[in-house]
Amino acid sequence: MSETQTLKKKDFQSDQEVRWCPGCGDYAILSAVQGVCADLGYSREETVFVSGIGCSSRFPYYMNTYGFHTIHGRAPGFATGIKMANPDLNVWLVTGDGDGMSIGGNHLAHILRRNVNINVLLFNNEVYGLTKGQYSPTSPVGQKTKTSPLGSIDRPFNPINFALGANATFVARTIDTHVKHMSAVLKEAAAHEGTSFVEIYQNCVIFNDGCFDDVADRKIRDDMTIDLRPGETLTYGKELDKGLRFNGWGLERCSADEASTWDSTVESTAPSVMMGELANEAEMPRPIGIFRQVNSPVFESETERQIAVAKEAKGEGKLRDLIFQGNTWEVE
Amino acid sequence: MTTTKEPGSDLPLQQQESVVIRFAGDSGDGMQITGNQYATTSAVVGNDLATMPDFPAEIRAPAGTRAGVSGFQLAFSAKDIFTPGDRPDVLIAMNPAALVENIKDLKPDGIVVCNTGNFGDRDLEKAKCDTNPLLDGTLDGFRVIEVDMNQRVKEALAETDLKPKEVQRCKNFYTLGLMYWLFSRPLQPTEDWLKEKFAKKMHLAEANITAMRAGFNAGDIQELFQGRYEVPKCDVLTPGTYRSVMGNEAVAIGLVAGAEAAGLEPFLGSYPITPASTILESLAGMKNYGVKTFQAEDEIAAVCAAIGASYAGDLGITSTSGPGVALKGEALGLAVSIELPLVVVNVQRGGPSTGLPTKTEQADLMQAIFGRNGEAPIPVVACATPADAFDCAMEAVRIATQYMTPVFLLTDGFIANGAEPWRLPEVEGLPKFTKEFRTDAENYQPYSRDENGARPWVKPGTPGLEHRVGGIEKAHLTGNISYDPDNHEFMTNARQEKVMGIANSIPTPEVKGAQSGKLLVLGWGSTYGSIADAVERTNEDEDKVGRIHLRHVWPLPNGLDEIFSRYESILIPEMNLGQLARLLRSEYPQHEFLSYSKVQGQPFRAYEITAKIQELLENKS
Ligand SMILES: Cc1ncc(C[n+]2csc(CCOP(=O)(O)OP(=O)(O)O)c2C)c(N)n1
Ligand code: SF4
Ligand SMILES: [Mg+2]
C-alpha cells in the first residue's frame, strides 16, 4: 500500500531462474499472472502466492511478491490461515491436478465451500509432471503412462464440476495458450469476493504433450470452444455464427440467433454443471470462461465479524478476567 | 421416628485430614457434573484437591451396562495433596454396573452408597450380574448405605409438574446433597451454579436444588450414617487467590496469556478429537479476547492453517491427540524447515491407533521428539498437573517465538480432564517475551540468525522484504532453493543447534528429598503427582530417595549429568514402555536408569510407586 507508483509486469518477476521445461505451458501462465498483477495495481508486499507441490507449485518462487511453497495438496489450509490472520492480503493459490484433485482434493473442496477470499489456479495437465509422468485424477480413461501401461482405468474428475459440487462461488476455465482470455478471466477471478476457482488447461510438453489439442489448438480453438461470457449469448466459432441453447435437461447446438443468454449468477449450480459436463461430449464445443459467479459471505470476514460481535457483547477481554473468572477463593 | 431434627444437628462430627470420593453411575446419570460440583465446593471451602474423571469411550452405551459406567474420583484434603487419591474412602454406585466395576478399588472398611432403586432384576441383567451384589457377599467388609434414590427424588419432587423422566434426572443432585451433608459442605456454590446454568429454565434449577436439599436433609433425618465428617481448610497452600482449573482449560488460558506476552494474536487450527476437543471449545468461546479459531476439515488442514497464520504474523497453534499428531507430521517438518513459531498441543491418550480415546497414556514422547522424516528437531515441554499446564503453555509460546520453531506441548487425558486448585497469577507477574517483527529492509536476509539461532520473522504486507519460503532446502542467509550438499549439512546442523541451544534458556530442575544416595525418582508429565506423593511417603521419617521432575523433555536441561552422578540409580515411572528411560540411556550412558512402566490407561497410584521404591531400596541394601 505504501508504493504509490504503479508497478509494471517486470516488477513482479523475481530474480530466480525459472526451471520449467522449455515449452511448458506454465511459462505462459506465469507471464499472464505477472501482467494481471500489474494491471490490477497490486503492490508486491500485499500479495502472497501459496502453492502445494508439483511443477506448477514452483510458481511462487518466480513471483517477486511474498511466496509460500508448502506441502503436497495442503495449500488451501495455509491460505486459509494466512487470510484469517490478515484478510487484507491478496492471496493466490497455485495447484496442479494431482496436488489439488488427488492428495489435496479434500482441502480444495473445503476451501471452496467456505468461500475464503482467495484465487485458486488449478494447472490441469492431466498428468503428474514433477514425479515424471504418472496418470492423475484428471487423466482420461485409457491414458497410457508409466503406471498405467495398459491405459488408466480410473474414471477422471472434472475439475469444474468438482468445484461446483463444493458450491464454489466463482468457477472458470481458461487455456494456457489463450493469453488474452486467460488475463481477462484472471482479472474477473481477482475481483470476485470469495474463493475463485480457475481451471487452466496447461500443456506438459514432456509427459502429456498436446493433451488439449483437440480443443485448445489455436487453429481449431474458436470452433471447438465456447466462451461463457456472463450476460451474453452462447455463441462461438470464428464468426460467432454457432450457438448453444438449453433444451429441457440438456444443451443443444443451434444457430447464433437462437442461442440462449448465459447467466452465471443463478443461485442453482444446475446450468453451470450442465456446461461443465460438455467436457465429455463429442460434437459439442468445450466451454471456457465463467461458469459461475455468485455472492456469498466471505469466510474470514465472518470470522472477523464474530470476533467484533463477541467483543461488543462481552466487552474486550482482559487477560486478568480470563484468569480470575469463575468461583475463586482466598487463602490467607 | 420423629422428623423434627434440623439437618446437621446431633450426630457426632469427626475430623478427617483427607477424603477420596468416587461417584460412579451410568453415563446418563450426570456423574461428571456431580463430581465437578463437589470439587468446586470443596475448593471454595478451602481444601486442596485433585480430580480424575473416568469416562466410557461411548457417549451413551446402553443404559445400565458396564460399558456405560462413568466415574469421577476426587480427593480433598486439609493438607497439600498431589493426586486424586489411590483408593476411594467412599464409593457412590448409582446402579449395579457401577458397583461391580468400582468396588474392587474401595478401601477396606470404606463406605459404599448404593442406589437400591436401580437394583431390580432387569438392572442386574443389564449389568450382567448373576446374583445381586447387595446380597451375595460382594460388599462384605464395607460399610453399606442403601438408599432408594429413585423413590426419594420422586417424593421430593412430587409437588412439581416435572415429567417422571425429568424427575429422575435430578437424582445426581440428591446424591450430591447427601455427600455434601456427609462431609459438611455448603450447598450455596452449587445452588448459585444451578441458577446461572438454568437461568432460562428456573423450574429446572429449582427442582435440582430441591433434590439436593432433600439429599442433604436425608443424611440427618434418615440416620443413614453414624456420623458426619469435616475436612478442615488446607492451611499449607501458598496465600493468594485460587480457583479450580482443568488441564485443557489451563492450556487454553495459558496460550492466550503466552500470545499476549509475545504481543501476538492467537490463532488455533484444530479438529475435534478426544481428549483434546475442549481446548478448541474453550478457545472458540474466547473470541472477545481476540482469539481466532478454525475448525478444519482434518488435522492436516488444521496444522497447515496454523502455520499459515504464523506465516502471516499470528501465533499459530494446533491442538490434537496422538492420531492427529501422526497426520500432522509432514506439516511439522515444513514448520521446522521454514522456521516459524507454532505450538502443537498433544493431549495424549492410550494408543496405538484409536487405542483408548478416553484413557490416559504418555506413549507419544518419541513421536514428539523424533516422529518426522528427516532431521527435524522439535522442542518438547510437558505439563505436570492441570494448573501447571498454564505455565507450560506460556513456556511453549516463549520457546516458539524466541527460537522461531514449532514446539510440542505434551499433556494427557489425566491432566486434560483433571482439576486442582490454581493459584491465580497477577498479569504483571507473568513472563514477558515480546516478539519483534522485522520491518527494516536494509541488509535483510530471510535466513540470517540472531543469538538464539532464530531467523527474522517478517509479515507479508511489509514493504521491501518480499521473499519466498518453502520446504525445499534453503541456502544459508538468502533462503533461496539450494541443493548444495555442504549447505544442506550446514542448515541441518544450524536447525539442530538452534533447538539444542534452548537448553541454555531453561533452569536445571530442582531435586527434592535426598540430594544423593541410592535412588533418584525421575518423572515427566502427569506422573508428577504420584511420584511426589510416593517419595514424600517414603521420606516420611528421613530423606531416603530424591525426586526430580522434567518440564522440558527436549532438549534436556543442563546439569542433569551432575545430578544423576549423585545416585546409584534412577527410577523412571512412565505410562509407556520406558520411552524417557530409553532416551536418557542414550544421552547419559554412564548412569543406570530403571524403567517402571504402566500402560493400563490409568495413572500410577502413589502406592504402586512407593512399593517399587521399597523393593529397589531393599534389593540394594
Ligand atoms: C506427501 C507427498 N507425496 C508424494 C509426493 C510426490 N509428488 C510431488 S508432485 C506430485 C504430483 C504433482 O502432480 P500435479 O499436482 O498434477 O503437478 P504438476 O507437476 O503436474 O504440475 C507428487 C505425486 C510429494 N511431494 N509429497
Ligand atoms: S514436466 Fe511437464 S509440467 Fe513439468 S515443467 Fe516439464 S513440461 Fe512443465
Ligand atoms: Mg499435473
Side-chain angles (χ1 to χ4, degrees), chain A residues 1-3 14 16 43-50 53 60-61 63-72 74-86 88-89 106-107 109-110 303 306-307 309-311 313-320 322-332, chain B residues 40 43-44 46 189 234 237-244 253 256-257 260 265 267 269 286-290 292 294 296-298 300-314 316 330-331 334 424-427 459-472 480-481:
Chain A
M1 301 235 227
S2 66
E3 289 173 63
S14 80
Q16 297 296 296
S43 71
R44 280 196 290 247
E45 69 269 18
E46 294 282 336
T47 307
V48 184
F49 278 80
V50 185
I53 300 289
Y61 291 111
M63 293 295 300
N64 191 2
T65 61
Y66 282 94
F68 196 174
H69 180 215
T70 71
I71 48 177
H72 201 19
R74 321 299 178 189
F78 294 93
T80 303
I82 292 169
K83 274 302 249 186
M84 286 179 76
N86 184 354
D88 295 336
L89 298 171
N106 186 30
H107 308 304
H110 287 280
T303 306
Q306 287 195 335
I307 289 177
V309 167
K311 285 184 176 171
K314 301 193 200 165
E316 181 117 13
K318 293 264 177 307
L319 181 56
R320 190 178 189 283
L322 187 60
I323 295 173
F324 281 75
Q325 75 191 352
N327 262 322
T328 62
W329 72 93
E330 300 295 326
V331 172
E332 270 106 50
Chain B
T40 308
V44 172
C234 174
L237 291 178
T238 315
T241 307
Y242 282 77
R243 75 155 152 126
S244 168
I253 300 170
V256 175
E260 184 159 318
E265 287 183 13
F267 174 101
M286 296 180 192
K287 291 192 168 53
N288 59 320
Y289 295 89
K292 284 167 238 171
F294 172 54
E297 58 272 22
D298 62 16
I300 302 174
V303 65
C304 293
I307 297 171
S310 281
Y311 173 76
D314 276 356
E330 187 192 10
L334 177 67
L424 304 178
E426 284 302 338
V427 173
K459 274 194 242 194
T462 312
L465 277 72
E466 297 83 8
H467 65 284
R468 275 65 56 191
V469 291
I472 301 182
N480 290 332
I481 291 179

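As the structure is a prediction and not an experimental result, all values here were calculated from the model. By convention in this document, chain letters (A, B, ...) are assigned in the order of the sequence lines, proteins followed by strands, and residues within each chain are numbered from 1.
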Enquirer: For chain A, which of B/Leu424, B/Asp314, B/Ile472, B/Asn480 has the most heavy-atom pairs under 4.5 Å?
Expert: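 Among B/Leu424, B/Asp314, B/Ile472, B/Asn480, the one with the most close pairs to chain A is B/Leu424.
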
Enquirer: Could you go step by step and tell me if A/Leu319 and B/Tyr289 meet the side-chain contact (heavy atoms from CB on, under 4.5 Å) rule?
Expert: CA-CA 8 Å; A/Leu319 181 56; B/Tyr289 295 89; 5.9 Å; no

Enquirer: Output all residues satisfying side chain to side chain donor-acceptor pair (under 3.5 Å) with A/His110, sequence neighbours left out; order by chain, then residue number.
Expert: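 Residues passing side chain to side chain donor-acceptor pair (under 3.5 Å) with A/His110: A/Asn106, A/Arg113.
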
Enquirer: Using non-hydrogen atoms only, which part of A/Gln306 is less than 4.5 Å away from chain B: side chain, backbone, both, or neither?
Expert: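 It is both, since atoms from each part get that close.
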
Enquirer: Among A/Ala109, A/Pro76, A/Gly77, single out the residue with the greatest number of heavy-atom pairs under 4.5 Å to chain B.
Expert: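 Answer, by heavy-atom pair count under 4.5 Å with chain B: A/Gly77.
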
Enquirer: Under a 4.5 Å heavy-atom cut-off, does chain B meet the side chain of A/Lys318, its backbone, both or neither?
Expert: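 Looking at A/Lys318, just its backbone touches chain B.
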
Enquirer: Keeping B/Arg243 on the side-chain end and A/Phe324 on the backbone end, is there a donor-acceptor pair under 3.5 Å?
Expert: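 Not a single qualifying donor-acceptor pair exists.
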
Enquirer: Can you see which heavy atom on B/Pro460 is nearest to which on A/Asn86, and at what distance?
Expert: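 Of all heavy-atom pairs spanning B/Pro460 and A/Asn86, the closest is O-ND2, 3.9 Å.
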
Enquirer: Taking the side chain as every heavy atom from C-beta outward, state whether B/Arg468 and A/Asn64 have any atom pair closer than 4.5 Å.
Expert: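 Side-chain contact under 4.5 Å: yes.
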
Enquirer: Which atom pair, heavy atoms only, marks the closest approach of B/Ile300 to A/Arg74?
Expert: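 Answer, listing the atom of B/Ile300 first, then A/Arg74: CG2-CD, 3.4 Å.
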
Enquirer: Between atom CD of B/Glu466 and atom CE of A/Met63, what is the distance when rounded to the nearest 0.5 Å?
Expert: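 The CE atom of A/Met63 is 11.0 Å from CD of B/Glu466, to the nearest 0.5 Å.
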
Enquirer: For the residue pair B/His467 and A/Tyr66, categorise the inter-ring angle as parallel (less than 30°), tilted (30 to 60°) or perpendicular (more than 60°).
Expert: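 Ring orientation of B/His467 relative to A/Tyr66: perpendicular.
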
Enquirer: Measure B/Thr238 against the heavy atoms of chain A and call it side chain, backbone, both or neither at under 4.5 Å.
Expert: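 Backbone only.
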
Enquirer: What part of B/Ala331 gets within 4.5 angstrom of chain A, counting heavy atoms only: side chain, backbone, both, or neither?
Expert: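 For B/Ala331, backbone and side chain are both near chain A.
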
Enquirer: Would you call B/Lys287 and A/Lys311 a side-chain contact if the rule is heavy atoms closer than 4.5 Å?
Expert: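 Sidechains of A/Lys311 and B/Lys287: no contact.
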
Enquirer: So, using side chain to side chain donor-acceptor pair (under 3.5 Å) as the criterion, who are the partners of B/Glu265 when residues are at least two apart?
Expert: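 Testing B/Glu265 for side chain to side chain donor-acceptor pair (under 3.5 Å), a comparison that skips the adjacent residues, returns B/Lys292.
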
Enquirer: Could you tell me whether a side-chain N or O of B/Asn288 sits under 3.5 Å from a main-chain N or O of A/Ala310, the two making a donor and an acceptor?
Expert: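 Between the backbone of A/Ala310 and the side chain of B/Asn288 there is no qualifying donor-acceptor contact (under 3.5 Å).
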
Enquirer: Please check if the side chain of A/Glu45 supplies one atom and the backbone of B/Thr462 the other of a donor-acceptor pair under 3.5 Å.
Expert: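 Flag not set: sc A/Glu45 to bb B/Thr462 has no pair under 3.5 Å.
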
Enquirer: Can you tell which part of A/Thr65 gets under 4.5 Å to a heavy atom of chain B, answering side chain, backbone, both or neither?
Expert: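 It is the backbone, since no side chain atom gets that close.
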
Enquirer: Of all heavy-atom pairs between A/Ala85 and B/Ala312, which one has the smallest distance, and what is that distance?
Expert: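 Nearest pair, atom of A/Ala85 first, then B/Ala312: CB-CB, 3.7 Å.
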
Enquirer: Do you know which of B/Gly269, B/Ala305, B/Pro189 has the most heavy-atom pairs with chain A at a distance under 4.5 angstrom?
Expert: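 Highest number of pairs under 4.5 Å: B/Ala305.
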
Enquirer: Need one label for B/Tyr311: side chain, backbone, both or neither, based on atoms under 4.5 Å from any heavy atom in chain A.
Expert: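 Answer is side chain: those atoms of B/Tyr311 sit under 4.5 Å from chain A.
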
Enquirer: Under 4.5 Å from any heavy atom of chain A, what part of B/Ala302 do you find: side chain, backbone, both or neither?
Expert: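 Interface part for B/Ala302: neither.
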
Enquirer: Heavy-atom cut-off 4.5 Å, strictly under: side chain, backbone, both or neither for A/Leu322 against chain B?
Expert: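 For A/Leu322, heavy atoms of backbone and side chain both lie under 4.5 Å from chain B.
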
Enquirer: Please step through side-chain contact (heavy atoms from CB on, under 4.5 Å) for the pair B/Asp298 and A/His107, ending with a clear verdict.
Expert: CA-CA 9 Å; B/Asp298 62 16; A/His107 308 304; 3.3 Å; yes

Enquirer: Side chain from CB out, backbone as N, CA, C, O: work out which of these in B/Leu334 comes under 4.5 Å of a heavy atom of chain A, or both, or neither.
Expert: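 It is the side chain, since no backbone atom gets that close.
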
Enquirer: Looking at B/Cys304, B/Ala296, B/Ser244, which one has more heavy-atom pairs under 4.5 Å with chain A than the rest?
Expert: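 The candidate making the most pairs under 4.5 Å is B/Cys304.
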
Enquirer: Under 4.5 Å, counting heavy-atom pairs only, tell me which of B/Gly46, B/Ala257, B/Gly316, B/Ala306 racks up the most with chain A.
Expert: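 Highest number of pairs under 4.5 Å: B/Ala257.
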
Enquirer: Looking at every non-hydrogen atom in both residues, tell me the closest pair between A/Ile323 and B/Pro425 and how far apart they are.
Expert: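 In terms of heavy atoms, the two residues are closest at CG2-CD, 3.7 Å.
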
Enquirer: Any chance you could measure B/Phe267, atom CZ, to A/Met84, atom CE, to the nearest 0.5 Å?
Expert: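 If we round to the nearest 0.5 Å, B/Phe267:CZ and A/Met84:CE are 4.5 Å apart.
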
Enquirer: Name the member of B/Val303, B/Thr40, B/Val427 that forms the most heavy-atom pairs with chain A at distances under 4.5 Å.
Expert: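 The residue among B/Val303, B/Thr40, B/Val427 with the greatest pair count is B/Val427.
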
Enquirer: Kindly determine whether B/Cys234 and A/Val331 satisfy side-chain contact (heavy atoms from CB on, under 4.5 Å), including the steps that lead there.
Expert: CA-CA 9 Å; B/Cys234 174; A/Val331 172; over 6 Å; no

Enquirer: Specify which of A/Glu316, A/Gln16, A/Glu332 makes the most heavy-atom pairs with chain B at under 4.5 Å.
Expert: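 Among A/Glu316, A/Gln16, A/Glu332, the one with the most close pairs to chain B is A/Gln16.
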
Enquirer: To the nearest 0.5 angstrom, please state how far the CZ atom of A/Phe68 sits from the CD1 atom of B/Ile307.
Expert: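 If we round to the nearest 0.5 Å, A/Phe68:CZ and B/Ile307:CD1 are 6.5 Å apart.
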
